[in-house]
Amino acid sequence: MQIFNSMNRRKEEFVPVEPGKIGMYACGVTVYDLCHIGHARSLVVFDVIYRYLKYRGYDVTFVRNFTDIDDKIINRSNERGITWKALAEQYIEEFYVDMDRLGLLKPTYEPRATDHIEEIINLVRQLEEKGLAYEVDGDVYYRLQGFKGYGKLSGKNIDDLLSGARVDIDDRKESPLDFALWKRSKVGEPSWPSPWGEGRPGWHIECSAMSQKFLGDTFDIHGGGQDLIFPHHENEIAQSEGASGKPLANYWVHNGFVNIDKEKMSKSLGNFLTIRELLEDCHPEVLRFFVVANHYRSPIDFSQENVAVAAAGLERLYQSLDRLLEKAAGSAGGSSSLDDRIEAWRQDFIAAMDDDFNSAAAVAVLFEVSKEMNRQLDEGETGIDPQAAAQVAEFMREIGEPLGLLQETPRDFLQRTTGKADNQLEAAEIESLIAARAAARKERDWAEADRVRDILDENGIILKDSAEGTKWQRKR
RNA sequence: GGCGCCAUCGCCAAGUGGUAAGGCAGAGGUCUGCAAAACCUCCAUCUCCGGUUCAAAUCCGGAUGGCGCCUCCA
């Protein structure tokens, strides 16, 4: 398996620290607001990686944290007149609502910063002992001068950063680049006792403390959005490696951004889309399909049109699956005449995903299966038999699983309500109209049959006639 | 100003040295009462210029055009 390592900007052969086991840490969210589709992409990307590593038989320990204390949380809770704790709890709950709808697997651990104050303090003390941290009036800063290798992940060097104009001038710090490990609390702010007085953790230290606790000094994969490379991950490296003297992670994986209509998504541009808003008229698997059909490192452009294309593609796959299951008609699956064919597809899928999680190429395998199966199904009696149909359906679900696709029953997916129109026909009404049309067709009353079909069409229902009868689905 | 990424068919998107995956849309055909769906066939030489090589979309140099980071950010 090859993984593109942000540290060297190269694909590298993946070798876990411990054979068969993988430790993976992905930076989670700061819980002060609802998650947006940028979060959704990152979350889905690492969910897919997690799922795939498990599919490949690894024993994966996946850690994704919650940042539940920081400036934004404090400010927002003050605005609302509630405690920081209440605000964090609220958005952690909202986070889980979104994650469940997106079908994300639960990580092995989901630690919160404020549950690890002791570990954080210990880590800061270690850094102090090593001369890599110093206290000023209850604040503790990281001494960058003392850590060589700063900038190795982001490709920056200290001199360039110093010459940049945007560094805060703070006379109390030895260097403008030194960042806070521990912040003295102001009056009324949440705080925890520490050797430096009442205070709270700085921005980056929690990830160092928690990854060390759950995964050890050196683990396999550290992930996050590309925007986290600097300064967050760079600072994590300084903290963790400064303390342990060992590499923090062997592979750094960063996902690309989400643009909306070719513009950067931002609150100031007003093109900010939350997961929740999106899911009002977009099936979660369509969102996943959209994410997975693109390479995780490329930027993706989010637009109505692109979502529609994703929906059309996923529907095509579900349609094939639907036909296969119909053909299988309760057949057990298991081994069949298609064993070799399926194994070849499986190897194609694995080859794609083993190549730096190339999910777009993996999706192409699903389309190949779909096309081939449709062809055979069209042949009728001389084509695929029920046993093989059941086996292929099972296989499509098998490789869909790591991608988080094709996990619904096709009928549910194809006939789901969209949430767009408020007066949608009930399934029973649709069935009775179809029956009326069938009766008219039997009488060869084409005008009446077409009239009924037009009614359904106006209500967003598409009919498909076949030898076995008429099937319907909703258009979108 | 510093660091870095990207540019492949009308649209989306794989491919990083050996002669362009896949999806959407489009054209023609099969099927159908007519459709829809499905199937079959067709549909790009990879922004431009120069170089390396037997061979380049893939490597090097340059140009042009996008974008990101350098400040909280998935």
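Letters A, B, ... mirror the listed sequences (proteins, then strands); counts begin at 1. Because the structure is predicted, anything quoted here is derived from the model rather than measured. The analysis underlying the following values was restricted to heavy atoms, covering all of them including side chains, and did not include hydrogens, waters or symmetry mates.
Looking at A:R288 and A:D47, a side-chain N of the basic residue comes within less than 4.0 Å of a carboxylate O on the acidic one, giving a salt bridge. At a threshold of 4.0 Å, the pair A:R323-A:E326 does not count as salt-bridged, since none of the basic side-chain nitrogens sits closer than that to a carboxylate oxygen. Remark: A:K471 does not engage A:D465 in a salt bridge, criterion side-chain N to carboxylate O under 4.0 Å. A salt bridge is defined here as a Lys NZ or Arg NE, NH1 or NH2 lying under 4.0 Å from an Asp or Glu carboxylate O, and A:R200 with A:D70 fails to meet this definition. Salt bridge absent: A:R416 and A:E408 never bring a charged side-chain N and a carboxylate O closer than 4.0 Å. Note on A:K11 versus A:D355: salt bridge recorded, some NZ/NE/NH1/NH2 to OD/OE distance being below 4.0 Å. For the pair A:K152 and A:E234, the salt-bridge criterion is not met [side-chain N within less than 4.0 Å of a carboxylate O].
Listed pair A:N358 / B:A14 fails the phosphate criterion, with no side-chain N or O lying under 4.0 Å from OP1 or OP2. Of the side-chain N and O atoms in A:R316, one or more sit less than 4.0 angstrom from OP1 or OP2 of B:A38.
Atom pair A:W472:CH2 and B:A35:C1' shows a separation of 19 Å (rounding to whole Å applied). B:C39 atom P lies 12 Å from atom CD of A:Q376, rounded to whole Å. The CG atom of A:L34 sits 13 Å away from the P atom of B:A74 (whole-angstrom rounding). Computed from coordinates, the A:L317 CG to B:A38 P distance equals 11 Å when rounded to whole Å. The distance between atom NZ of A:K264 and atom P of B:C73, rounded to the nearest whole Å, is 12 Å. Rounded to whole Å, the distance from CG on A:L177 to C1' on B:U71 is 12 Å. Note: CE (A:M265) to P (B:G68) measures 13 Å, nearest angstrom. Between the NZ atom of A:K152 and the P atom of B:C70 there is a distance of 21 Å, given to the nearest Å.
Taking atom C1' in both B:G65 and B:C54, one finds a spacing of 34 Å when rounded to whole Å. The gap from the P atom of B:A63 to that of B:A38 amounts to 48 Å, rounded to the nearest Å. The same atom, C1', is picked in B:U53 and in B:C60; the two are 12 Å apart, to the nearest Å. For the P atom pair drawn from B:G15 and B:G28, the interatomic distance equals 34 Å after rounding to whole Å. To the nearest whole angstrom, the two P atoms, one in B:U47 and one in B:C42, are 25 Å apart. Comparing the P positions of B:C43 and B:A21 gives a spacing of 12 Å, expressed to the nearest Å. Here, B:A57 and B:C9 have their C1' atoms 14 Å apart, quoted to the whole Å. Nucleotides B:A44 and B:G26, compared at atom C1', are 15 Å apart to the nearest Å.
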Nucleotides 27-33 of chain B: which of its N/O atoms have a protein N/O under 3.5 Å away?
unit_1	atom_1	unit_2	atom_2	d
B:G33	O6	A:R441	NE	3.4
B:G33	N1	A:D450	OD1	3.0
B:G33	N2	A:D450	OD1	3.4
B:G33	N2	A:D450	OD2	2.7

I'd like a list of close polar pairs between nucleotides 11-13 of chain B and the protein, N/O only, cut-off under 3.5 Å.
unit_1	atom_1	unit_2	atom_2	d
B:A13	OP1	A:N294	OD1	3.3

Taking only N/O atoms, report every protein-nucleotides 56-61 of chain B pair under 3.5 Å with atom names and distance.
none

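As judged by a 4.0 angstrom heavy-atom cut-off over every strand, A:K371 is placed among residues touching the sugar-phosphate backbone only. A:K156 comes within 4.0 angstrom of a nucleotide base, judged by non-hydrogen atoms across all strands. Within the 4.0 angstrom heavy-atom criterion, only backbone atoms of the sugar-phosphate kind lie near A:G155; the bases stay farther away. Note on A:L463: a base of the nucleic acid sits closer than 4.0 angstrom, heavy atoms only. If you check every strand for non-hydrogen atoms under 4.0 Å, A:G256 touches a base. No contact: A:F46 has no heavy atom under 4.0 Å from any strand. Note on A:V363: nothing from the nucleic acid sits closer than 4.0 angstrom, heavy atoms only. Counting any heavy atom pair closer than 4.0 Å across all strands shown, A:N255 reaches a base atom.
Here the side chain of A:T61 pairs no donor or acceptor atom with the backbone of A:G23 at under 3.5 angstrom. For A:R76 (side chain) and A:Y32 (main-chain N/O), a donor-acceptor pair under 3.5 Å exists by modelled atom type. Under the 3.5 Å distance criterion, the side-chain polar atoms of A:S359 are matched with a main-chain donor or acceptor of A:V292.
Pairing for B:A57 is absent, with no Watson-Crick or G-U wobble pair whose two atom distances lie under 3.5 Å. Of all nucleotides present, none satisfies the Watson-Crick or G-U wobble test against B:G17 with each distance under 3.5 Å. Pairing of B:G68, defined by two Watson-Crick or G-U wobble distances under 3.5 Å, is identified with B:C3. Base pairing of B:C34: no nucleotide in any strand meets the Watson-Crick or G-U wobble criterion (both distances under 3.5 Å). Across all strands shown, B:C39 forms a Watson-Crick or G-U wobble pair, both distances under 3.5 Å, with B:G29.
Aromatic rings of A:F219 and A:H222 (six-membered ring for Trp) have centroids within the 6.0 Å cut-off, being under it. Checked against a 6.0 Å centroid threshold, the rings of A:Y251 and A:F14 count as neighbours.
For A:D378, whose side chain is taken as the heavy atoms from C-beta onward, the closest listed nucleotide among B:C70, B:A38, B:U16 is B:A38. Closest to the side chain of A:E368, from the set B:G68, B:A21, B:C3, is B:A21.
By the 30° and 60° cut-offs, the orientation of the rings of A:H232 relative to A:H204 is tilted. Taking the six-membered ring where the residue is Trp, A:H233 and A:H254 present tilted rings, their angle falling between 30° and 60°.
Take the nearest nucleotide of RNA chain B for A:Q319 and for A:H36: the residue whose nucleotide is more 5' is A:Q319. Both A:R375 and A:D227 sit near RNA chain B, but only A:R375 has its closest nucleotide nearer the 5' end.
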Working for side chain to side chain donor-acceptor pair (under 3.5 Å), residues A:Y296 and A:D356: CA-CA 9 Å; A:Y296 75 88; A:D356 191 32; 2.7 Å; yes
